[in-house]
Each structure stands twice: as C-alpha cells, then as structure tokens.
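Each remark here refers to the structure printed beneath this line.
In this chain, residues are counted from 1 in sequence order.
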Amino acid sequence: MKKKSKTILITGGSGFIGSHLVDIFINNQYKVRVLDVKTPHRSDLDYIKGSVVDRNLIEKIMIGVDYVYHLAAVSNIDHVKNNPIGTVELNIMATMYLLEEARKNNVKRFLMASSVFVYEMSGHLYTSSKKYSEILCSNYFSLYNFPYTILRFATVYGPRSRGVDVISKFIDNHFKEESLVINGNGNQKRNFIFVEDLANASLLAVSSSKAVNKILTIASEKSISINELATVIKNVFNKNVKIKYNDEGPRQDDYEGIIENIEPTFKLLQWKPKIELQDGIRKYVEWYNNYA
C-alpha cells in the first residue's frame with residue numbers, strides 16, 4: 001500500500017530561504033503548499049497567492065495541512081525601523097492567525113522561523129517581534145497542547161540570496177570594483193549558515209519527534225567578526241580587496257553575535273552544517289556569476 005504524502009504549508013516559500021525549503025521538502029516526497037505574494041521558483045506545488053495577514057485566506061488554505069512552516073516576515077531590520085506597525089502585523093499578528101487556524105484544523109505541528117538575535121535581544125523591534133511570536137507558540141502549547149518547534153536562524157547566505165546580508169553585499173561590492181563597506185569597527189560577530197545546510201536541518205526538524213516543543217539553533221559552530229569575514233572574502237578572490245569603514249558607525253542596536261550553546265541542537269537532530277564558510281562563499285559566487 002502506497003504511503004500517503006504529508007502536506008506542508010510554507011509561508012514565504014517564494015523567498016530566498018523559502019525556495020530552498022520548497023526544494024528539499026518536494027525532493028523528500030512532501031506535498032508543498034506555498035503562501036506568498038510572489039510566485040515560487042517552481043511549479044510542481046500548490047501555490048496560493050496572498051498575504052499571511054489575510055485571515056479568510058488562511059482559514060481556507062489550512063484544510064488538509066499536516067505541518068505549517070511559518071517563514072514569512074519582515075526580516076530586514078532597516079525596513080522594520082521604517083514600518084513598525086506593518087512589522088507587528090506581519091511578524092506577530094500573522095503568527096497568531098496561523099497558529100489559531102492550524103490548531104482548529106488539527107495540524108500536527110507548527111514550525112516557526114525565528115532568529116539568533118533573540119539570544120541577546122538587540123536588533124530592536126525585529127527581535128521583539130520574533131520573541132513575542134515564540135511566546136505565542138509556547139502559549140498555544142500551554143493552553144491547547146498544540147505542538148510547535150522554533151528554529152532560530154543565524155545569518156543565512158547562499159544561492160538566490162536577496163542581496164541584503166553582509167556576504168551578499170561584500171560579493172556585490174567586489175564585482176562592482178568597490179570597497180567592502182564595514183559598519184562600525186567590524187568587531188561585531190555573525191554566525192553564518194549556508195542555506196542548503198539550513199534546509200537539511202529544517203527537514204530533520206519536521207521529521208523528528210524529538211524536535212517537538214523545542215527551540216533549535218540553526219547555526220554553524222563558529223562565529224566570526226565582520227573583519228574576519230572580509231579576510232575570508234580576500235582569500236576567496238586571491239586579490240587585494242579594499243575595505244572601507246563607515247564613518248556613521250554601527251547600525252542602531254546592532255546585533256553583537258552572542259549565541260548560547262548550540263550543541264543540544266546538533267545532538268537532537270543528529271546534524272551539523274557541512275559547508276565551510278569559504279566553500280559556501282565560493283558556491284554563492286558561482287551562482288552570482290550565472291544568475292545575479
């Protein structure tokens with residue numbers, strides 16, 4: 001007897017990270033339903049055009065869903081600063097709408113994309129919106145025994161990037177023969193994760209019963225400073241890449257790079273990132289040269 005495919009709803013499935021989640025879940029025999037305002041990169045899925053704050057639409061598309069992977073959000077902290085009300089609506093209220101409809105439709109589990117920014121609560125309203133969405137997930141378990149998994153992402157990079165992360169900006173600067181621009185003194189740290197490694201961890205998080213009601217940190221083992229990243233970029237291109245420090249200093253309430261122990265996530269998922277930073281940057285450069 002043929003095993004029935006499980007259906008996963010991915011909000012924001014047409015974006016950078018979402019597109020890679022779509023790929024890995026389809027490749028592993030899930031039926032994928034995408035809710036996004038943009039068209040996905042492939043057609044062998046169920047695409048619903050719309051917003052995560054459209055409650056009537058969410059009610060309709062939740063029928064028959066086994067898992068929800070909530071990725072859609074305002075994620076650029078500069079955009080957050082310019083649109084605080086829209087951020088709260090999209091990052092917090094949408095989580096509430098999705099949780100409620102998922103609960104009512106007996107969805108097996110709700111997975112939410114959060115951020116390592118939560119560990120130190122810098123990053124102003126963006127981080128607060130992620131933290132309160134995490135609390136909502138926890139509340140729904142406490143009140144309704146509705147299971148969840150929270151995935152706190154480090155800085156994600158790789159093919160199909162939106163071009164707003166520091167690696168993408170540095171690569172773009174290089175190909176435009178511009179200096180790599182560093183905000184502040186460059187000592188702030190980031191923990192980078194290649195997008196395909198993140199997708200693999202996500203697949204394991206959905207399939208593992210051990211991930212139920214857990215907070216997982218999807219990150220590599222080592223944080224590096226932005227200054228160190230610039231050196232890695234230099235090594236990749238084997239050229240005298242120029243560096244420029246922004247006189248305006250770091251961004252307001254900038255994330256410094258503190259991540260708590262991530263070993264429990266590695267142990268629980270039986271997973272570790274495979275792509276080293278320098279190799280991942282080379283993969284991104286190859287994609288950039290072909291598609292960007």
Handout entry: Heavy-atom side-chain proximity of Pro273 to Phe266 below 4.5 angstrom
Key = yes
Problem - Donor + acceptor pair across side chains of Arg162, Ser75 (<3.5 Å) - result: yes
Handout entry: Heavy-atom donor-acceptor pair, Gln270 side chain to Lys267 backbone, under 3.5 Å
Key = yes
Fill in the blank from the handout: Which of Asn246, Ile226, Leu229 passes side chain to side chain contact (heavy atoms under 4.5 Å, CB included) with Ile182? Answer is Ile226
Completion exercise
Residues joined to Val37 in its hydrophobic cluster, side chain to side chain under 4.5 Å directly or through other members, sorted by chain and number, are none
Problem - No-hydrogen, no-angle side-chain donor-acceptor test under 3.5 Å, Ser220 and Asn191 - result: yes
Exercise for the section: Look up atom CG in Asn27 and atom CD in Gln29, then write down how far apart they are to the nearest 0.5 Å. Expected result: 8.0 Å
Practice task
Spell out, as yes or no, whether a donor-acceptor pair under 3.5 Å connects the side chain of Asn105 to the backbone of Val107.
Solution key: no
Exercise for the section: Indicate whether any N or O donor in one side chain lies under 3.5 Å from an N or O acceptor in the other, for Thr149 and Arg109. Expected result: yes
Practice task
Answer with yes or no whether the side chains of Asp165 and Ser161 bring together a donor and an acceptor at under 3.5 Å.
Solution key: yes
Practice task
For the pair Trp287 and Ile171, evaluate side chain to side chain contact (heavy atoms under 4.5 Å, CB included) and give the outcome as yes or no after the intermediate values.
Solution key: CA-CA 11 Å; Trp287 173 85; Ile171 300 301; over 6 Å; no
Exercise answer: donor-acceptor pairs, residues 133-146 side-chain atoms, under 3.5 Å, sequence neighbours excluded:
unit_1 : atom_1 : unit_2 : atom_2 : d
Ser133 : OG     : Asn91  : O      : 2.6
Ser133 : OG     : Thr95  : OG1    : 3.1
Ser133 : OG     : Ser129 : O      : 3.1
Glu134 : OE1    : Arg152 : NH2    : 2.7
Glu134 : OE2    : Ser114 : OG     : 2.6
Glu134 : OE2    : Arg152 : NE     : 2.9
Asn139 : ND2    : Ile135 : O      : 3.4
Tyr140 : OH     : Glu100 : OE1    : 2.6
Ser142 : OG     : Ser138 : O      : 3.2

Handout entry: Check: Gln278 and Val236 side chains under 4.5 Å, non-hydrogen atoms
Key = yes
Fill in the blank from the handout: Between the CD atom in Glu228 and the CG atom in Leu277, the distance rounded to the nearest 0.5 Å is 10.0 Å
Handout entry: Side-chain donor-acceptor pair present, Tyr119, Thr217, cut-off under 3.5 Å
Key = yes
Practice task
Please examine the side chains of Asp279 and Tyr284, heavy atoms only from C-beta on, and report whether any two atoms are closer than 4.5 Å.
Solution key: no
Handout entry: NZ/NE/NH1/NH2 to OD/OE distance under 4.0 Å, Lys6 and Asp66
Key = no
Problem - Asn76 versus Tyr126, side-chain donor and acceptor atoms under 3.5 Å - result: no
Exercise for the section: Taking the side chain as every heavy atom from C-beta outward, state whether Leu111 and Tyr148 have any pair of such atoms under 4.5 Å apart. Expected result: no
Problem - Contacts of Glu263 that satisfy side-chain hydrogen bond (donor to acceptor under 3.5 Å, both in side chains) - sequence neighbours left out - result: none
Handout entry: Check: Ser115 side chain, Val118 main-chain N or O, donor-acceptor pair, under 3.5 Å
Key = no
Handout entry: Pairwise distance OH(Tyr157) to CZ(Phe170) - rounded to 0.5 angstrom
Key = 14.0 Å
Handout entry: Pairing of Lys38 and Asp36 as salt bridge, 4.0 angstrom limit
Key = no
Handout entry: Side-chain donor/acceptor of Glu178 to backbone N/O of Lys176, under 3.5 Å
Key = no
Handout entry: Ion pair check, Lys169 and Asp172, cut-off under 4.0 Å
Key = no
Practice task
Mind running side chain to side chain contact (heavy atoms under 4.5 Å, CB included) on Phe192 and Val166 for me, showing each step along the way?
Solution key: CA-CA 10 Å; Phe192 296 98; Val166 64; 3.6 Å; yes
Practice task
Check the pair Ile150, Leu216 against side chain to side chain contact (heavy atoms under 4.5 Å, CB included), reporting the backbone distance first and the verdict last.
Solution key: CA-CA 6 Å; Ile150 291 164; Leu216 307 178; over 6 Å; no
Exercise for the section: Report yes or no: do Ser19 and His41 form a side-chain donor-acceptor pair below 3.5 Å? Expected result: no
Practice task
Using modelled atom types only, decide if a donor and an acceptor are shared between the side chain of His20 and the backbone of Pro159 within a distance under 3.5 Å.
Solution key: yes
Problem - salt bridge (charged side-chain N to carboxylate O under 4.0 Å, His left out) involving Glu221 - partner list, sequence neighbours excluded - result: Lys272
Handout entry: Ring center gap for Phe175 and Phe237 short of 6.0 angstrom
Key = yes
Problem - 4.5 Å side-chain heavy-atom contact, Tyr47 and Thr39 - result: yes
Exercise for the section: Answer yes or no: are there more than 12 heavy-atom neighbours, outside Lys283 itself, under 6.0 Å from its atom NZ? Expected result: no
Handout entry: Minimum side-chain heavy-atom gap Phe117-Lys130 below 4.5 Å
Key = no
Give every donor-acceptor pair under 3.5 Å between a side-chain atom in residues 49-65 and any protein atom, sequence neighbours left out.
unit_1 : atom_1 : unit_2 : atom_2 : d
Ser51  : OG     : Val53  : N      : 3.2
Asp54  : OD1    : Asn56  : N      : 3.3
Asp54  : OD1    : Leu57  : N      : 3.1

In residues 193-206, what donor-acceptor pairs under 3.5 Å come from side-chain atoms, sequence neighbours left out?
unit_1 : atom_1 : unit_2 : atom_2 : d
Asp197 : OD1    : Lys274 : N      : 3.0
Asp197 : OD2    : Lys274 : N      : 3.2
Asp197 : OD2    : Ile275 : N      : 3.0
Asn200 : ND2    : Glu196 : O      : 3.1
Ser202 : OG     : Tyr69  : OH     : 2.8
Ser202 : OG     : Leu198 : O      : 3.0

Problem - Salt bridge present between Arg160 and Asp23 (N-O < 4.0 angstrom) - result: yes
Practice task
Kindly indicate whether the side chain of Val80, heavy atoms from C-beta on, has any atom under 4.5 Å from the side chain of His124.
Solution key: yes
Problem - Any donor-acceptor pair under 3.5 Å from Ser208 side chain to Lys210 backbone - result: yes
Exercise for the section: Ignoring hydrogens and angles, tell me if any N or O in the side chain of Thr11 forms a donor-acceptor pair with the backbone of Ala72 under 3.5 Å. Expected result: yes
Practice task
Please examine the side chains of Lys244 and Asn173, heavy atoms only from C-beta on, and report whether any two atoms are closer than 4.5 Å.
Solution key: no
Practice task
Carefully, step by step, assess Asn227 and Asn187 under the rule side chain to side chain contact (heavy atoms under 4.5 Å, CB included).
Solution key: CA-CA 6 Å; Asn227 287 325; Asn187 292 329; 3.4 Å; yes
Fill in the blank from the handout: All heavy atoms of Gly186 vs all of Ser225, minimum pair found to be O-CB, 3.5 Å
